[in-house]
Amino acid sequence: MIDLTRIEQSALSTRPYEWAFVGDLFAPAAAAELVASYPRDHFKTVKGYDGEKGYEYEARSLIAMGGAAASYAGGLGGAWRRLAADLSSPAYRAAMTRLTARDLDSLPMEVNVFHYGPGAWLGPHIDLKEKVVTHVFYFNERWDEADGGCLQILRSADMSDRAASVAPVVGNSAVLVRSEKSWHAVSPVAGGCRQSRLSMTVTFYSPGSISTMWPPGDTTPLHEYGATPDASAPNVAPTLWKKLYARVASRLKGRGGAR
């Protein structure tokens, strides 16, 4: 599913810290299938303030910390099971190791997918010290940046001190190397936005770390994500799914990366 050459041919920026934009990660047909079958099952609501940042969003495990198989695989379409297999592969780790110049070969990895519905956000923060590298993928067919929901690469803890912005459009991704300067945020999704912001994070942790998203003993109830149905809903009728697939593939064919 993932075009690993796009990762291998990218380079880290050093301003304002080590990070990279990597675009065009999927062929148009693969991107269309991932958008059309984006997961909606086994999500939990995550919201609060941890002393540094405020946040509110919906999260689902795709690969558990240190695991190799897709979580709740029965609820995933074939494209998402193949994507999970790609992320678990030595080839993906090798490509990320080359890009970041960090040895990721044996580090525990966790993958989660997210819905950011209207009003959802993630305040300015640097990641926990246990996080070594994070790769953020996006899966919206299209996105109006006036609706917020963009990844903000920041020079400081000030949300307005922006160095770059990444729209959550399928094929776009950002690689963040954790440091004491790696400030970033997600601007709030507009209250009137009619779609959720679709994203996935792959995080490599230092040895011995535990998941902060799914800590041991977590009993938070899981649910179906109930946003207004759109092209991301997996349980559409076959004929409609084919129409959506064709429309998304047509839009994505030949499209560039960052916007």
Side-chain angles (χ1 to χ4, degrees), residues 38-65 71-72 75-76 80 109-131 134-140 143-154 156-162 165-169 172-174 176 178 182-203 205 209-230 232-234:
Y38 193 84
R40 296 179 75 90
D41 66 305
H42 293 93
F43 278 85
K44 72 172 180 179
T45 302
V46 181
K47 59 182 177 180
Y49 179 76
D50 65 5
E52 179 183 59
K53 64 182 181 298
Y55 50 91
E56 182 175 349
Y57 48 81
E58 301 280 329
R60 181 205 196 275
S61 173
L62 185 67
I63 301 174
M65 173 77 91
S71 304
Y72 311 111
L76 297 173
W80 282 88
M109 183 188 76
E110 178 182 57
V111 185
N112 295 296
V113 295
F114 303 92
H115 281 278
Y116 279 63
W121 63 299
L122 180 64
H125 66 287
I126 57 176
D127 287 331
L128 297 171
K129 290 183 178 180
E130 293 82 359
K131 296 184 178 183
T134 298
H135 191 182
V136 190
F137 294 70
Y138 301 102
F139 295 95
N140 289 88
W143 189 264
D144 184 348
E145 295 186 33
D147 284 332
C150 295
L151 174 67
Q152 307 295 301
I153 303 298
L154 305 175
S156 68
D158 182 352
M159 187 72 147
S160 66
D161 193 12
R162 184 179 69 187
S165 181
V166 180
V169 177
N172 284 358
S173 78
L176 308 179
R178 194 271 175 198
S182 55
W183 290 96
H184 57 284
V186 176
S187 52
V189 177
C193 186
R194 300 188 64 183
Q195 60 177 328
S196 64
R197 172 190 186 269
L198 309 179
S199 65
M200 175 183 76
T201 61
V202 181
T203 305
Y205 288 83
S209 298
I210 63 170
S211 173
T212 55
M213 184 65 67
W214 308 97
D218 183 10
T219 58
T220 305
L222 303 181
H223 54 262
E224 296 279 324
Y225 181 74
T228 302
D230 57 25
S232 64

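Under the 3.5 Å distance criterion, with hydrogens and angles disregarded, no donor-acceptor pair is assigned to the side chains of T203 and E110. A donor-acceptor pair shorter than 3.5 Å can be found between the side chains of N112 and W214. For the 3.5 Å distance criterion, the side chains of H135 and S173 qualify, holding a donor opposite an acceptor.
The closest side-chain heavy-atom distance from M109 to V202 is below 4.5 Å.
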Notebook entry, point to check: Would S156 and L154 satisfy side chain to side chain contact (heavy atoms under 4.5 Å, CB included), going step by step from the backbone distance to the final call?
Noted result: CA-CA 5 Å; S156 68; L154 305 175; 5.8 Å; no

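Checking K47, H223, K44 one by one against E58, the side-chain hydrogen bond (donor to acceptor under 3.5 Å, both in side chains) holds for a single residue, H223.
No donor-acceptor pair closer than 3.5 Å links the side chain of S199 to the backbone N or O of F137. Of the possible donor and acceptor atoms, one in the side chain of R178 sits under 3.5 Å from a partner among the backbone N and O of D127. Using a distance-only test at 3.5 Å, with no hydrogens or angles considered, no donor-acceptor pair links the side chain of S196 to the main chain of L198.
With sequence neighbours left out, W80 forms a ring pair (Phe, Tyr, Trp, His ring centres under 6.0 Å) with Y38, F139. Every residue two or more places apart in sequence or in another chain that forms a salt bridge (charged side-chain N to carboxylate O under 4.0 Å, His left out) with D161 is listed here: R155.
Ion pairing between a basic and an acidic side chain is recognised when a charged N comes within 4.0 Å of a carboxylate O; D147 and R197 show no such pairing.
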